[in-house]
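So the structure is just underneath, and the comments pick up after that.
Sequence positions, counted from 1, serve as the residue numbers for this chain.
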Amino acid sequence: MNDLAGPILVTGANGQLGRRLIRRLHASTPPRRAHAVVRSRRAADSIASLCEESGAALRIVDYRDVAGLTDAAKGCDAAVHLVGILKETRSNPYADAHERA
């Protein structure tokens, strides 16, 4: 039996896996709430209706922002890090998105 009932932090929430996880958490018994974290306004707009339907809290946070991620994770029982970048750039290296966050 799982005693955890708090929200789950989901980074990369606008990706295919993030969207599926938010839906699955909402459909679970009992429903679990997500704290959906994305990097941009465009990404937030793309999942706004999903978050509204599921009750997920939606936050825009740069993954290099330690204080922002810490704040988004407050009250969460777990985190699922689903960030993915397809092409590394000088301003967005793989290590920042996949490891340091």
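Of all the heavy atoms in Y63 and V37, the pair that sits closest is OH-O, 3.4 Å. Nearest heavy atom pair, residue G68 against residue V61, reads C-CG1, 3.7 Å. Across all non-hydrogen atoms, the minimal contact from A44 to V38 is N-CG2, 3.6 Å.
For residues 65-76, the pairs satisfying salt bridge (Lys or Arg N to Asp or Glu O under 4.0 Å) are R59-D71, D71-K74, with sequence neighbours left out. Among residue pairs with one or both ends in residues 13-25, those qualifying as side chain to side chain donor-acceptor pair (under 3.5 Å) are R19-S46; sequence neighbours excluded.
Residue I22 belongs to a hydrophobic cluster whose other members are L50, with links defined by side-chain heavy atoms closer than 4.5 Å. L21 shares a hydrophobic cluster with I8, V10, L17, L25, V80, L82; the chain of contacts runs through ILVMFWY side chains whose heavy atoms sit under 4.5 Å apart.
The side chain to side chain contact (heavy atoms under 4.5 Å, CB included) search around C51 returns A36, I47, A56, L58, not counting sequence neighbours. Every residue two or more places apart in sequence or in another chain was checked for a side chain to side chain donor-acceptor pair (under 3.5 Å) with R42, and none qualifies.
With rounding to the nearest 0.5 Å, the separation of CG in D77 from CG in L9 is 11.5 Å. Taken from CZ in R39 to CG in D62, the straight-line distance is 8.5 Å, to the nearest 0.5 Å.
For R32 (side chain) and H26 (main-chain N/O), no donor-acceptor pair under 3.5 Å exists by modelled atom type.
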